[in-house]
Amino acid sequence: MILKKSDADVFNLVQLELKRQQNGVELIASENFTSIAVMEAVGSVLTNKYAEGYPNRRYYGGCEVVDQVEQLAIDRLKKIFPIAYANVQPHSGSQANAALLFAILKPGDAILGMDLSMGGHLTHGSPVNFSGNTYRSHFYRVDSETGLIDYNYVAEQAKKIKPQVIVCGASAYSRDIDYIAFRNIADSVGAFLWADIAHPAGLIAKKLLNDPFAHCHFVTSTTHKTLRGPRGGIIMMGKDFENPWGRKDTKGKVTMMSYILDMAIFPGTQGGPLEHVIAGKAVAFGEILTPAFEIYAKQIIKNAQAMAQSFINMGYKVVSNGTDNHLLLLDLRSKQLTGKEAEAILQKIDITTNKNMVPYDTQSPFITSGIRIGTPAITTRGLQEKDMPFITEKIDQALSHHSDDKRLEDIKKSIHDFMRQFPLYPEL
Ligand code: PLP
């Protein structure tokens, strides 16, 4: 408790955040509660070390220990996924994506990604992001009836645009992805195929969803969502993609793609790696390799499906009518509520969600017509399918009686009582 003595202001804020996390129901699909072991590694002396470069090829002395830390993270990641190449240095998912595009595209090249309003991510070509500024971005969509990716439209767009890269993967898509269909489309126009598995990576790790590694040239992810590690990113390549994808110079010399990717992270887009975070990634990867994580990953999906069904039973519209993964999207248009309003109402009862556009939304991204709900964090706390109706009913009660402050206060109290059964960080 040195922080308490040295900086009471920051200490108190950390305590307040701990209480917030302990009392409430965390339903943000991109969040999770990492282990205390991961947090210890991230809070360790490794934060003091500069280590520009890669294990055994650094630009600083004194890297003999951090070399082992980083190599351990890489080796463990290679046991989790069927990959030949891994870079564990990206500071975040966005950094991983920026480096990948920097490695494989030239400014002005074309990228085809999922529209942000249909569930895609900013780094997949949004005009407000580097990806939409540096490259010519084009988008595909989901079917307005089914909520599923419209693969025919992807193929049409690909033929028209002839992109250098097609990205599959999303921030708010509740169904599995057909990587073979995407690969066929990519091959038909000579494009690279990139999967951004930031959201479902932990489920893919346990083979609960389709395997992107056999079909995609590049795979990026965050480490803090379903992988339950510290905040960060990773870049990977499956076993078949090292070459011939390397770049040939005029004399026919091939530069390995792994080298091009490494160079795109450092010195291309980042400086010194965060070795303390990389240590946290190594700890999380070790946890993912245990049988307990498989039980956890399966439970995430069971919980999401139970929640989706419960909402459907109560008359809510769930985009795509259910979920294959860890998240669901509630379309609130029939409830005469915007996503922004729903998020604020649920905040009053200490249920944290985020407003989210639904496919073909007519509201702006700041207002939206839906909320995104995910189960990775509550599953870490130990909630199971049988606990989902309690949560969904509280959500329904709050949304239906949102002007009744007394009622909202009572609901909040019942939620705090309920969540006490699932202690979070009792050691802290
Ligand atoms: N890619 C996808 C699909 C995401 O959903 C996210 C974050 O939500 C990212 C990339 C970016 O990750 P970060 O917030 O670590 O930059």
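These numbers come from the heavy atoms of this one structure, side chains and all, not from hydrogens, waters or symmetry mates. Just so you know, ligand 1 is whichever comes first in the structure, and atom 1 is the first atom listed for that ligand. Position 1 is the first residue of the sequence; numbering continues from there.
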*Asks:* Tell me which protein heavy atom sits closest to atom 5 (O) of ligand 1, plus the residue, atom name and distance to 0.1 Å.
*Replies:*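 That would be S171 OG, 2.7 Å.
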*Asks:* Provide, to 0.1 Å, the distance between atom 6 (C) of ligand 1 and the closest protein heavy atom, together with that atom's residue and name.
*Replies:* K225 NZ, 3.0 Å
*Asks:* For ligand 1, which atoms sit closer than 4.0 Å to a heavy atom of H224?
*Replies:* 15 (O)
*Asks:* Classify the ring geometry of F213 against F81: parallel below 30°, tilted from 30° to 60°, perpendicular beyond 60°.
*Replies:* tilted
*Asks:* Tell me whether the rings of Y50 and Y60 are parallel (<30°), tilted (30 to 60°) or perpendicular (>60°).
*Replies:* parallel
*Asks:* Are side-chain N/O atoms of Q270 and Q89 paired as donor and acceptor at under 3.5 Å?
*Replies:* no
*Asks:* Just checking K207: does its NZ atom have more than 12 heavy atoms from other residues, nucleotides or ligands closer to it than 6.0 angstrom?
*Replies:*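 Open: at most 12 neighbouring heavy atoms sit under 6.0 Å from NZ of K207.
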*Asks:* G169: heavy atom below 4.0 Å from ligand 1, yes or no?
*Replies:* no
*Asks:* Go through the side-chain N and O atoms of Y173 and N325 and say whether any donor and acceptor fall under 3.5 Å apart.
*Replies:* no
*Asks:* Check each atom of ligand 1 against the heavy atoms of H199 and keep those under 4.0 Å away; list them by number with element.
*Replies:* 5 (O)
*Asks:* Please work out whether any backbone atom (N, CA, C, O) or any side-chain heavy atom from C-beta onward of R231 is under 4.0 Å from ligand 1, and answer side chain, backbone, both or neither.
*Replies:*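 For R231, no heavy atom sits under 4.0 Å from ligand 1.
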*Asks:* Under a 3.5 Å cutoff, is there a donor and acceptor pairing between the side chains of R372 and S30?
*Replies:* yes
*Asks:* Within the 4.0 Å heavy-atom shell around A170, which atoms of ligand 1 are there?
*Replies:*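 Numbered from 1, ligand 1 contributes 3 (C).
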*Asks:* More than 12 heavy atoms of other residues, nucleotides or ligands under 6.0 Å from OH of Y360: is that the case?
*Replies:*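 Counting neighbours around OH of Y360, more than 12 heavy atoms of other residues, nucleotides or ligands fall under 6.0 Å, so yes.
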*Asks:* In the protein, what heavy atom is nearest to atom 15 (O) of ligand 1, and what distance, to one decimal place, separates them?
*Replies:* G93 N, 2.9 Å
*Asks:* Under 6.0 Å from the NZ atom of K340, do we count more than 12 heavy atoms belonging to anything else shown?
*Replies:*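 It does not: K340 NZ has 12 such atoms or fewer within range.
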*Asks:* Suppose we measure from atom 16 (O) of ligand 1 to each protein heavy atom; which comes out shortest, and what is that distance?
*Replies:*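 Sorting protein heavy atoms by distance from atom 16 (O) of ligand 1 puts S94 OG, 2.7 Å first.
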*Asks:* Distance under 4.0 Å to a non-hydrogen atom of S92: what atoms of ligand 1 satisfy this?
*Replies:*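 Listed by number with element, the hits are 15 (O), 16 (O).
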*Asks:* To which protein heavy atom is atom 1 (N) of ligand 1 closest, and what is the distance rounded to 0.1 Å?
*Replies:* D196 OD2, 2.6 Å
*Asks:* Testing Q305, Q299, K302 one by one against E385 for a side chain to side chain donor-acceptor pair (under 3.5 Å), which residue passes?
*Replies:*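 Passing option: Q299.
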*Asks:* Looking only at heavy atoms, is any part of N97 under 4.0 Å from ligand 1, and if so is it the side chain, the backbone, or both, or is it neither?
*Replies:* side chain
*Asks:* With heavy atoms only and a cut-off of under 4.0 Å, state how A198 meets ligand 1: side chain, backbone, both or neither.
*Replies:*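 Answer for A198: side chain.
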*Asks:* F192 versus L105: any side-chain heavy-atom pair under 4.5 Å?
*Replies:* no
*Asks:* Check for me whether Q95 has a heavy atom closer than 4.0 Å to any atom of ligand 1.
*Replies:*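 It does not, in that no heavy atom of Q95 comes within the 4.0 Å cut-off of ligand 1.
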*Asks:* List the closest protein heavy-atom neighbour of atom 12 (O) of ligand 1: residue, atom name, distance to the nearest 0.1 Å.
*Replies:*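 Among all protein heavy atoms, the one nearest atom 12 (O) of ligand 1 is T222 CG2, 3.2 Å.
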